[in-house]
Novice: 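Have a look at this one.
For the numbers below, each heavy atom of this structure counts, side chains included, while hydrogens, waters and symmetry mates do not. The first residue of the sequence shown is numbered 1, and numbering continues consecutively from there.
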Amino acid sequence: MLNNLLLQSMAQPGGSWQGILMLVLVFVVFYFFMIRPQAKRQKEIQKFQDALVKGARVVTQGGVYGKVKDVKGNIIVLEIAKDVCIEVNKGMVFSAEEPAENQKKEAEK
């Protein structure tokens, strides 16, 4: 059945070009709506991770909130409670924690 459809499309004038054009169009749409935004987001995350400094409050991918105590190459030492520190791979830190003042202002709006 698939062979019959393929043969019918080839028999029509310009049928093979329409198929190729449709495939290229699908790839272009896929690129602009899926690949490009993801690459842009990944660059932003990488820029954020490279700019981490001592004292920043961050959230890890696992949902652990903490304060950066030290940055050693690809490892970050996070203080998650008073005198409780953990070492985390820099690649697992994805966002900065919003300060409590900002959260209160958002709630009031």
Novice: Kindly work out whether a path of hydrophobic side-chain contacts (I/L/V/M/F/W/Y, heavy atoms less than 4.5 Å apart) joins Ile45 to Val93.
Specialist: no
Novice: Does atom NZ of Lys67 have more than 12 heavy-atom neighbours, drawn from other residues, nucleotides or ligands, at distances under 6.0 Å?
Specialist: no
Novice: Treating Ile, Leu, Val, Met, Phe, Trp and Tyr as nodes and any side-chain heavy-atom pair under 4.5 angstrom as an edge, say whether Phe32 and Phe27 lie in one connected cluster.
Specialist: no
Novice: Show me, pair by pair, the donor-acceptor contacts under 3.5 angstrom made by side chains of residues 33-43, not counting sequence neighbours?
Specialist:
none

Novice: Apart from Leu23 itself, what residues make up its hydrophobic cluster, given side-chain heavy atom links below 4.5 Å?
Specialist: none
Novice: On a heavy-atom basis, which atom in Phe48 and which in Phe94 lie closest, and how many Å separate them?
Specialist: CE2-C, 3.9 Å
Novice: Looking at every heavy atom in both Asp50 and Lys90, which two are closest together, and how far apart are they?
Specialist: CA-NZ, 4.5 Å
Novice: Side-chain atoms of residues 68-86: list all donor-acceptor pairs with protein atoms under 3.5 Å, sequence neighbours left out, distances to 0.1 Å.
Specialist:
{"from": "Glu79", "atom 1": "OE2", "to": "Asp83", "atom 2": "N", "distance (Å)": "3.4"}

